[in-house]
Protein chains: 2
Amino acid sequence: MNTKLDWGEMMDLNIPSFLRNQGIKASYQRIRIYEYLMNNRTHPTVAEIYNALITDIPSLSKTTVYNTLNLFVEKELVEEVTIEGSEMRYDIKDPEGHGHFKCTQCHRIFDVPVQIEKIFTDELSEFHVQAQFVHFVGICPDCLKKNS
Amino acid sequence: MNTKLDWGEMMDLNIPSFLRNQGIKASYQRIRIYEYLMNNRTHPTVAEIYNALITDIPSLSKTTVYNTLNLFVEKELVEEVTIEGSEMRYDIKDPEGHGHFKCTQCHRIFDVPVQIEKIFTDELSEFHVQAQFVHFVGICPDCLKKNS
DNA sequence: TCTAATTTTGTATTCATTACAAGTTTATCA
DNA sequence: TGATAAACTTGTAATGAATACAAAATTAGA
Ligand SMILES: [Mn+2]
Ligand SMILES: [Mn+2]
Ligand SMILES: [Zn+2]
Ligand SMILES: [Zn+2]
């Protein structure tokens, strides 16, 4: 039998120690917010995270959600998804990196694999690239099926 | 001698008729806002456009800048650049398409060529892609030089 | 346990964007 | 040309995401 855990499994099992490893105190609120992002890969907004957790954590403040997400972004555990003009969206940062697809019809945001290396050009060699983001906009397979 | 004008030259010469061709009434404000975007490829915010034009057009309202840009986006003359979380930025839409690089030090946003085709993957064939955006974040050549 | 540091919370504030209605300009037609 | 409607612009009010700030609560260290 295989006892080796992958990245996702490891953090699922022990979020508190993962957070501590990243130099973050594992408060109850932080654990629950991180856990929510792990289990809901839907690129939620602050409001969505808050509304999902408020029943379980009646004392939760929206400010805490903002503070926590900003901390996670700073520590590079979480990525801001700026695919919308209105509200910021958040996503667990995965080491490989992936792109996003926004469906104009159902408004869902999908993960899509992207070959990041291939988009680099000669011109970019002069720049020091620290992060890259690829966004697509269009109609998702589900909505295409419904339309036809 | 060559009398053929390219896309940029054509619109430089006659913005009003270009706008009318796109089904947009060529009001003075609209012409000046489009002209500003043509001459300032710096991905300006609404506030920047407004502040640049207010001395020439003392009656100008910020609402008009918003209305006009939203109209241009709708008619696909202009593209929203959602590289910042705070303010929307605007860019003349060019047929070939290009990526953007945000320098974390001088906060400028640069155009960078991108081979869009190369980022498509098999997974995406199920989606109907209408637009794609590539953003980089890092340090620009100027700032790299200053740092060293 | 006592004390300091950290975290959470609630409220007030900021500010980009939109909503709306009134004023102004432009187009249409007799 | 002059009247009338349509389109556009403007100013102000409203919305709402995000931050600032200070007090309350929790945690860590001595
Ligand atoms: Mn994602
Ligand atoms: Mn550009
Ligand atoms: Zn869809
Ligand atoms: Zn720079």
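The sequence lines fix the lettering, A, B, ..., with proteins before strands; numbering per chain opens at 1. Atoms considered below: every heavy atom in the structure, side chains included; atoms not considered: hydrogens, waters and symmetry mates.
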Considering only residues two or more places apart or on different chains, which pairs with a residue in residues 55-80 of chain A satisfy ring pair (Phe, Tyr, Trp, His ring centres under 6.0 Å)? A/Y34-A/F72

Contact list for residues 75-107 of chain A, test ring pair (Phe, Tyr, Trp, His ring centres under 6.0 Å), sequence neighbours left out: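 Every pair satisfying ring pair (Phe, Tyr, Trp, His ring centres under 6.0 Å) with a residue in residues 75-107 of chain A: A/H43-A/H100, A/H98-A/H100, A/F101-B/F127.
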
For [X], all residues meeting side-chain hydrogen bond (donor to acceptor under 3.5 Å, both in side chains), sequence neighbours excluded:
| X | result |
| --- | --- |
| A/T121 | none |
| A/Q105 | A/N147 |
| A/S17 | A/N14 |

DNA chain C: 5'-most and 3'-most nucleotides touching chain A, 4.0 angstrom heavy-atom criterion: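 In short, chain A contacts DNA chain C from C/dT6 to C/dT11.
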
Quick one: side chain to side chain contact (heavy atoms under 4.5 Å, CB included) partners of B/E84, sequence neighbours excluded?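 With sequence neighbours excluded, B/E84 shows a side chain to side chain contact (heavy atoms under 4.5 Å, CB included) to B/S86, B/R89, B/K102, B/I109, given in chain and number order.
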
Identify, with sequence neighbours excluded, every residue that meets side chain to side chain contact (heavy atoms under 4.5 Å, CB included) alongside A/N40. A/Y36, A/T42

Give me the first and last nucleotide of DNA chain D, going 5' to 3', that has any atom under 4.0 Å from a heavy atom of chain B.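 Contact boundaries, 5' end first: D/dA7 to D/dT12.
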
For residues 50-71 of chain A, which residue pairs pass the salt bridge (Lys or Arg N to Asp or Glu O under 4.0 Å) check, not counting sequence neighbours? A/R32-A/D56

What pairs of residues pass the salt bridge (Lys or Arg N to Asp or Glu O under 4.0 Å) test when at least one of them lies in residues 129-148 of chain B, not counting sequence neighbours?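 Output for this query lists B/R108-B/D142.
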
Side-chain heavy-atom pair A/I31, A/L19 within 4.5 angstrom cut-off: yes

Can you list, by residue number, the residues of residues 47-71 of chain A that have a non-hydrogen atom closer than 4.0 angstrom to DNA chain D?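 The answer is A/T63, A/Y66, A/N70.
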
